[in-house]
Protein chains: 2
Amino acid sequence: MKRKITLKQIAKELDVSISTVSKSLRDSPEISEDTRLKVQAFAKLYNYKPNNIALSLKNRKTKTIAIIIPEIVHHFFATVISGIEQVANESGYNVIICLSDESFDKEVINMEMLANGSIDGFIMSLSKETQNKADFHHIIEVINQGMPVVMFDRVTNDILCDKVIIDDNRAAFDAIQNLIDNGFKKIALITTVDYVSVGKLRTEGYLRALRTNDVNVDENLILRIEDIDNCAVPIEKFIAANKPDAVFAVNELFAVTAIKGAKKIGLNVPEDISVIGFTDGIISKYSSPSITTVSQDGIEMGGKAAKMLIQRLESEDEEEEEHYRTEVIETHLVERESTRALKRGSF
Amino acid sequence: MKRKITLKQIAKELDVSISTVSKSLRDSPEISEDTRLKVQAFAKLYNYKPNNIALSLKNRKTKTIAIIIPEIVHHFFATVISGIEQVANESGYNVIICLSDESFDKEVINMEMLANGSIDGFIMSLSKETQNKADFHHIIEVINQGMPVVMFDRVTNDILCDKVIIDDNRAAFDAIQNLIDNGFKKIALITTVDYVSVGKLRTEGYLRALRTNDVNVDENLILRIEDIDNCAVPIEKFIAANKPDAVFAVNELFAVTAIKGAKKIGLNVPEDISVIGFTDGIISKYSSPSITTVSQDGIEMGGKAAKMLIQRLESEDEEEEEHYRTEVIETHLVERESTRALKRGSF
DNA sequence: TTTCAACACGAAAACGTTTGCGCGACCCTT
DNA sequence: AAGGGTCGCGCAAACGTTTTCGTGTTGAAA
């Protein structure tokens, strides 16, 4: 129950001043070797470690960065965190995590709470509600206070800051192009409602690929899921009604649910129907059949985001460059068992 | 680029003292209504928020708790975090997350770094390496400094602190008992090496169930996986060699891999072989067939852990009770498609 | 012996709060 | 008019650091 020892206590114990203790521990040449060694020995004995809070207050730096994400029980976000944590730790930064639970209010509250000195910068992905409301005042506020923000995955053009994204539109385009090249004609799309930015972009990529190849867009072949938790029934009905020969799903969950639905109505994957998903996570890997998917490397994404943030934090003082960058992470198609006759893709 | 405004700046601007500003904002009766309202208006205008770091230093409390877990790209740990975060936020606490990557050194470094004032308490699950070395000095150190620690899931008896666990032994016992009750004779076990505490306990439960039912323990029917990343081949060989009629796997990954392996050698699940897993995560739910599994509620576990920690933090000053508790979270069997003829369990 | 540098250390400010206490001004009572 | 009480506010300490600037002592040079 002994509290951690402080400079003051050491000073008192050794009958010197606080500054002498501090200088001794930092190997200042001002202090005689005698005193220095004595102090260092004593400090070591009592396992002295400087108090981080006091340091933060003095330096106006906390060496902590905050991550705000919609949810954590989600393989992709978990990998991003892992990537961030890794490079942050290498640079001596801690990572604090807040979940917005897809709620605008929680996002705002968390940001305001942390912005008051607790952290040096944010890495975030927007909640659905925030994207829907398109209200970003809390983020703008923070940026105006001089706190750097890096956005990833679910970003918005309405905010000027560093971003790291994948080219969702292109990734979807390439996936569809690949299906077309392999002779699939009736390619269905299972996507989210449009205010989820990544869903929208992937949908656009799908549409663009069809148009580019002069394939008619059949609205019946597009299913937009609102309630992600109850998607099994609509997906099954959708497949039964339209009998597509290929399905492109904008996430893992839709993909695996499509496969289950297809099986249920007697269709074999990939013999009768091919399925491509998005996000190479646990599900795609361990599903039977395993799922061909557009892979987005969360570790890399998180790592890049952290690098950008830390770079801005450390350079901030010297160069006051307001030049924001947007990094695009490469995606690639991971071919597994859920697609038939898929030739090597071009990406 | 304007920094956040401070009491001092407000004071200067309004030509009063810092204390007057502080007291006004805290609605102190010492201050006249005139001044009070004036200050409050000004503060609101400039969006004043007290600096958390300064408060932490003054109060010697950070209102932040740290979670240290082996990895985050793991559904169970992710759910635990989610549970912790939820109740922590309700009580106004932030959550800081560190990953040990199953490494003893990283665990030590993270704890030491955070123990210097950055946080108020720990919630942690031991890394494999730490369990293997059985070196807990870093944790003991922290506890001796009066910082509360709550351990969950992977715990150790060598440390006195609050804990929240599931009764792994009993959960495994019940699962096996259930298989036995349903007529399975040749029940295989796929487990981890013994120094992983939960693996060990689940193995013991398996053994106990067999012995209790006078079933001979056949060491050939027990597979201990060391390298979790390359378990597919050994598991497939194991099943091919022993042809069990049921498999109990101590985690999701082993379970799904067993199913894939069984399929590969021409066995149908559950017709030819039944599989029960442990941990009700994404994989079990979306695998085909979906996997019958012992469910451990990570959200509840995290929530309980956070409650215990916060309670200790808030009561610490008054009652100095050194009475540590160990909470046991109930498990139950989630029956899905990977088991045949399984009667309703008794738990 | 005086003067001056070098040396070794301490005092104090600063980071941004909160809070106990002191103090001046005013008003009311006798 | 003098005393006492209340009101409104400021001073200063405290949390634990780091760092600048001063200061006293010593030794050597003049």
Side-chain angles (χ1 to χ4, degrees), chain A residues 2-40 42-43 46-64 113 115-120 145-146 317, chain B residues 2-40 42-43 46-64 113 115-120 145-146 317:
Chain A
K2 41 167 187 182
R3 282 229 164 284
K4 287 217 70 124
I5 198 167
T6 67
L7 288 185
K8 193 193 278 192
Q9 292 168 44
I10 299 183
K12 193 173 176 187
E13 213 66 38
L14 261 46
D15 206 36
V16 292
S17 78
I18 295 184
S19 13
T20 303
V21 178
S22 176
K23 286 172 189 165
S24 297
L25 295 177
R26 320 203 110 252
D27 280 327
S28 160
E30 277 187 59
I31 305 298
S32 72
E33 194 175 350
D34 254 21
T35 333
R36 189 159 51 77
L37 293 180
K38 188 178 64 182
V39 171
Q40 289 180 350
F42 190 89
Y46 282 90
N47 192 27
Y48 169 80
K49 297 273 168 57
N51 180 304
N52 282 332
I53 295 291
L55 286 180
S56 296
L57 182 58
K58 181 126 197 40
N59 303 332
R60 280 122 141 250
K61 292 200 178 164
T62 60
K63 279 277 187 178
T64 303
M113 167 158 267
N116 301 319
S118 301
I119 58 150
D120 294 342
Q145 277 167 34
D317 319 298
Chain B
K2 42 170 186 180
R3 281 228 165 284
K4 288 216 69 121
I5 197 166
T6 68
L7 287 187
K8 193 192 277 192
Q9 292 167 44
I10 300 183
K12 193 174 176 186
E13 212 67 39
L14 261 45
D15 206 37
V16 293
S17 78
I18 295 183
S19 17
T20 303
V21 178
S22 176
K23 285 170 186 166
S24 296
L25 294 176
R26 318 202 110 253
D27 280 327
S28 160
E30 276 186 59
I31 306 297
S32 72
E33 196 176 349
D34 255 20
T35 334
R36 189 160 52 75
L37 293 180
K38 189 178 63 180
V39 170
Q40 289 180 350
F42 191 89
Y46 283 89
N47 192 26
Y48 170 80
K49 297 274 169 51
N51 180 304
N52 282 331
I53 295 291
L55 285 181
S56 296
L57 182 59
K58 181 127 197 36
N59 303 333
R60 280 123 141 252
K61 292 199 177 163
T62 61
K63 279 278 187 177
T64 302
M113 166 158 267
N116 301 317
S118 302
I119 59 150
D120 294 342
Q145 276 167 34
D317 319 299

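Letters A, B, ... mirror the listed sequences (proteins, then strands); counts begin at 1. Heavy atoms only: backbone and side chains are in, while hydrogens, waters and symmetry mates are out.
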Donor on one side chain, acceptor on other, A:Asn51 and A:Lys4, under 3.5 Å: no
Selection from D:dG10, C:dT17, D:dC15 that lies nearest to any side-chain heavy atom of B:Ser17: D:dG10
Touch class at under 4.0 angstrom, heavy-atom based, for B:Leu7 against every strand present: base
NZ (A:Lys49) with more than 12 external heavy atoms under 6.0 Å: yes
Rounded distance (Å) that lies between atom C1' of C:dA11 and atom CD1 of A:Ile31: 13 Å
A:Glu30 CD - C:dC7 C1' separation (whole Å): 10 Å
Sugar-phosphate only, base, or nothing, as touched by B:Lys23 at under 4.0 Å among non-hydrogen atoms: base
Distance in angstrom units between B:Lys58 NZ and C:dG16 C1', rounded: 11 Å
Sugar-phosphate only, base, or nothing, as touched by B:Thr35 at under 4.0 Å among non-hydrogen atoms: sugar-phosphate
Heavy-atom side-chain proximity of A:Tyr48 to A:Val39 below 4.5 angstrom: no
Distance test, side-chain N/O of A:Lys4 to OP1/OP2 of D:dG16, below 4.0 Å: no
Touch class at under 4.0 angstrom, heavy-atom based, for B:Ser56 against every strand present: nothing
Toward the 5' end of DNA chain D, by each residue's nearest nucleotide, A:Ala54 or B:Val21: B:Val21
Gap between atoms NZ and C1', on B:Lys8 and D:dG10 respectively (whole Å): 16 Å
Nearest to side-chain heavy atoms of B:Thr6, which nucleotide of C:dT17, C:dC9, C:dC15: C:dT17
Rounded distance in Å - CG (B:Asn116) to C1' (D:dC15): 16 Å
Distance in angstrom units between A:Glu33 CD and C:dC7 P, rounded: 14 Å
Along DNA chain C (nearest heavy atom to each residue), the more 5'-positioned of A:Ser19 and B:Ile18: A:Ser19
Touch class at under 4.0 angstrom, heavy-atom based, for A:Ser32 against every strand present: sugar-phosphate
5' priority, DNA chain D, between B:Arg60 and B:Asp15 [closest heavy atom]: B:Asp15
Interatomic distance where NZ belongs to B:Lys61 and C1' belongs to C:dG16 [whole Å]: 19 Å
N/O (side chain, B:Arg36) to phosphate O (OP1/OP2, D:dG8) under 4.0 Å: no
Close side-chain approach of A:Arg36 and A:Gln40, heavy atoms under 4.5 Å: yes
Between C:dT17 (P) and B:Asn59 (CG): distance, integer Å: 12 Å
Side chain of A:Leu57 (C-beta onward), nearest among D:dC9, D:dG16, D:dT17: D:dG16
Touch class at under 4.0 angstrom, heavy-atom based, for A:Ser22 against every strand present: base
Nearest listed nucleotide, side chain of B:Thr20, among D:dT17, D:dG10, C:dT19: D:dG10
Neighbour count >12 (heavy atoms, 6.0 Å) for atom CG, A:Asp15: no
For A:Ile53, the option from B:Leu55, B:Ile119, B:Asn59, B:Ile53 that meets side-chain contact (heavy atoms from CB on, under 4.5 Å): B:Ile53
